[in-house]
Amino acid sequence: MTYNLLEAVKNCFTTEALRQTGVAAVGESDASIERAVSRVTALVINSLAGLAEQAGGAEVLWSMAREAHEQGVLRPSSGRLIGGGGWQSRGAELMRSLLSDRYSSTVEAVSDSAGSQNTTVNNLLGLSTPITLGILGRHAAENELDSQGLSLWLQEQRRMVGAIQPDLARPHAPQPPTQPQTQGPSQAQTIPRPSPMNFDVRDNGASYSPEVVGLQNRRVAAVSDYYQPEAAPAKKATWSSSWLGLGALLVAVAAALGYFLGQDRINLGFNRLTGNTEEVAAVPAPTTASTSTSQGRYDEATGNYIYDTGLPTLIKMSDGTRLMVGSNSTEHKLYQFLANDAAQVDSVNRTKGWISFDRVYFAPSSATLTPESQQQLQNVAAILKNFPRAKVRIGGYTDNSGSFAGNMKMSEGRANAAMAALVDMGIDATRITSKGYGQKIPIASNDTEDGRALNRRISLRVTRK
């Protein structure tokens, strides 16, 4: 029997549990709660599938899903709906990031179609997102799926939602304004951004056939193609006039606490809440590229350090290339430095400005790149192609295990391998140099597994902009 992700997520909720935990607003009927759960879950599946289709998005999704599964999101303690720490806030933040400036209007549209309250929908988004990620992570682990395999499976699940329940496959978004624009010819037009969610469109969803419902039937929901919700029971009175004030308060509290995002992500998280999801040539205040305090965990199975690359961020480059990367990722740090005219290369202190690759790995005791390393190297190559004057140096490093001479040779081989990969991807060899530093420049203690994993790394430094 075909696995149904939508039903699997919905089965994690019961109306009684939602009431007892305060997720469902006071006065909600069982029917409205059930409708809200279905629509929110479909929205989450569509949004995550849309993320996976962005350049680099499949890898971001796979990392988050694996983390949710390994941290026990699907193993809640008594009296809770999800396990793990801080995942409800993280789920809500992720959906705000993906929906961007459409978040509030989408919540309103889902509430209208379900006959539910905004509070309930907001709470459900925070719960449904990590549960969906946890199930995705479990499925990937049980079936040994890589990022592309998981992405393909999720696309299949999205098409299944549209085939079985067509009304849930339509975008929930407000109608665009119909009044004529009054701006003059000299004013820049504001072009609405398309929805990040892709949807299947078909006339009859009575039977599901992957062969019939193919990728060619999927399209991005355009601004002029919004869903008009079906008639639903009238919503009970909500705090419509004060909701914006409450939302602003929640944003301020979230930014102040930062317990989920961490101090180095508070500002970025606030940008997500206010709808700033595209990284363009204008970048934040002047900064010097550097390696920040690492966030992540040691993976015993591979011996690698798995970095927390942060919330998905869309980088839009001058040649039209779009990369979906983490806000803490190597790509995001490199792009910010290169795009910021005020950020300068330190030609005096050459120990400054190094950025560690966070998803480039090698086979044990060798200089052979693993297949999953290709995506990040391709992203870095794409960024360098958009800054043709830039030159970089690749540095290889090891922990203090083994001999000094052996570590120098290993680090040199790994740095050369990363450089060769970038050259093969179209970067002129004259723009890249490489050097092995062995065990000489640790960034963590070699007394722990975590520290040694952090010290086994490949980094890059911009030497010319």
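The model shown is predicted, which means the values in this text are computed figures rather than measured ones.
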Is there a side chain to side chain contact (heavy atoms under 4.5 Å, CB included) between R461 and D346 once you walk through the steps? CA-CA 10 Å; R461 180 178 185 269; D346 191 330; 4.1 Å; yes
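- Q376 CD to L323 CG: the interatomic distance, rounded to the nearest 0.5 Å, is 11.0 Å.
- Residues that satisfy the side chain to side chain donor-acceptor pair (under 3.5 Å) test with S373, not counting sequence neighbours, are T370.
- Side-chain contact check for N11 and E7: no donor-acceptor pair (N or O, by modelled atom type) lies under 3.5 Å.
- Atoms OG and CZ, from S329 and F357 in turn, are 11.0 Å apart once rounded to the nearest 0.5 Å.
- Within the structure, no pair that satisfies the salt bridge (charged side-chain N to carboxylate O under 4.0 Å, His left out) test touches residues 378-396, not counting sequence neighbours.
- Annotation: side-chain hydrogen bond (donor to acceptor under 3.5 Å, both in side chains) contacts involving residues 413-426, sequence neighbours excluded, comprise N416-S434.
- Under the salt bridge (charged side-chain N to carboxylate O under 4.0 Å, His left out) criterion, R350 pairs with no residue at all, not counting sequence neighbours.
- Counting heavy atoms from C-beta outward, Y103 and N122 have side chains that approach closer than 4.5 Å.
- For T41 (side chain) and V37 (main-chain N/O), a donor-acceptor pair under 3.5 Å exists by modelled atom type.
- Between the side chains of Q439 and N407, at least one donor N or O lies within less than 3.5 Å of an accepting N or O.
- R431 is linked by a salt bridge (charged side-chain N to carboxylate O under 4.0 Å, His left out) to nothing, counting only residues two or more places apart in sequence or in another chain.
- F404 does not carry K409 over the face of its six-membered ring by the limits of under 6.0 Å from the centre and within 45° of the normal.
- Between R452 and E449 there is a salt bridge, since at least one side-chain N of the basic residue sits less than 4.0 Å from a carboxylate O of the acidic one.
- Separation of atoms OG1 (T313) and CD (Q336) is listed at 8.5 Å; rounding is to 0.5 Å.
- Looking only at distances, no side-chain donor or acceptor of Q88 sits under 3.5 Å from a matching main-chain atom of L127.
- When side chains are defined from C-beta on, E372 does not count as touching S147, because their heavy atoms never get closer than 4.5 Å.
- A side chain to side chain contact (heavy atoms under 4.5 Å, CB included) with V325 is found for exactly one of T309, L314, N379, namely N379.
- In this structure, G395 and A415 approach most closely via the heavy-atom pair C-CB, 4.2 Å.
- The line from CD1 of I135 to CG of L154 is 11.5 Å long, rounded to the nearest 0.5 Å.
- Side-chain contact between R322 and I315 is absent, with no heavy-atom pair separated by less than 4.5 Å.
- Under a 3.5 Å cut-off, the side chain of Y305 and the backbone N or O of G296 do form a donor-acceptor pair.
- By the salt bridge (charged side-chain N to carboxylate O under 4.0 Å, His left out) test, R359 is found to be paired with E59, E331, residues two or more places apart in sequence or in another chain being considered.
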For L125 and V107: C-alpha separation, side-chain torsions, deciding distance, then whether side chain to side chain contact (heavy atoms under 4.5 Å, CB included) applies. CA-CA 9 Å; L125 281 169; V107 167; 3.9 Å; yes
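- Side-chain atoms of N455 come within 3.5 Å of backbone N or O of I443 as a donor-acceptor pair.
- Qualifying side chain to side chain donor-acceptor pair (under 3.5 Å) partners for T321, counting only residues two or more places apart in sequence or in other chains: D319.
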Evaluation steps, side chain to side chain donor-acceptor pair (under 3.5 Å), between Y335 and N340: CA-CA 8 Å; Y335 178 80; N340 188 350; over 6 Å; no
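- Here salt bridge (charged side-chain N to carboxylate O under 4.0 Å, His left out) pairs that include residues 394-406, with residues two or more places apart or in two chains, are D399-R456.
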Take Y437 and Y397, measure what ring-ring contact (aromatic ring centres under 6.0 Å, His included) needs, and give me the verdict at the end. CA-CA 5 Å; Y437 297 94; Y397 307 85; 5.2 Å; yes
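- Counting heavy atoms from C-beta outward, L99 and R96 have side chains that stay 4.5 Å or more apart.
- Within the 4.5 Å cutoff, side-chain heavy atoms of R457 are placed close to those of I441.
- The closest donor-acceptor contact from the side chain of Q157 to the backbone of Y3 lies under 3.5 Å.
- Judged by distance alone, the side chain of N349 and the main-chain N or O of T351 form a donor-acceptor pair under 3.5 Å.
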Determine whether V121 and V40 satisfy the following criterion, side chain to side chain contact (heavy atoms under 4.5 Å, CB included), listing intermediate values before the conclusion. CA-CA 7 Å; V121 173; V40 164; 3.9 Å; yes
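- Around atom CZ of R464, more than 12 heavy atoms belonging to other residues, nucleotides or ligands sit under 6.0 Å away.
- Of the possible polar contacts, one joining the W62 side chain to the L145 backbone as a donor-acceptor pair under 3.5 Å is found.
- E70 pairs by the salt bridge (charged side-chain N to carboxylate O under 4.0 Å, His left out) definition with R297, not counting sequence neighbours.
- S411 places a side-chain N or O within donor-acceptor distance of the main-chain N or O of M408, the cut-off being under 3.5 Å.
- Note: L338 CG to M317 CE = 10.5 Å, rounded to the nearest 0.5 Å.
- Note: W87 CH2 to S89 OG = 11.5 Å, rounded to the nearest 0.5 Å.
- With a 4.5 Å cut-off on side-chain heavy atoms, L369 and Q374 count as touching.
- Taking 4.5 Å as the limit, some side-chain heavy atom of L136 sits within range of a side-chain heavy atom of L5.
- Applying the ring-ring contact (aromatic ring centres under 6.0 Å, His included) test to residues at least two apart or on different chains, the pairs with a partner in residues 121-142 are H139-W153.
- You'll find the side chain of L81 stays beyond 4.5 Å of the side chain of P76, heavy atoms only.
- In summary, R90 and E93 do not engage in a salt bridge, as defined by a charged side-chain N under 4.0 Å from a carboxylate O.
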Evaluation steps, side chain to side chain donor-acceptor pair (under 3.5 Å), between T330 and D358: CA-CA 6 Å; T330 303; D358 47 53; 3.1 Å; yes
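- Listed for the N446 side chain is no donor-acceptor partner under 3.5 Å among the backbone atoms of P442.
- With sequence neighbours excluded, no residue satisfies side chain to side chain donor-acceptor pair (under 3.5 Å) with E412.
- For the pair S47 (side chain) and L43 (backbone), a donor-acceptor distance under 3.5 Å is present.
- D299 pairs by the side chain to side chain donor-acceptor pair (under 3.5 Å) definition with T302, not counting sequence neighbours.
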Step-by-step side chain to side chain contact (heavy atoms under 4.5 Å, CB included) determination, L48 to L94: CA-CA 10 Å; L48 294 179; L94 175 59; 4.0 Å; yes
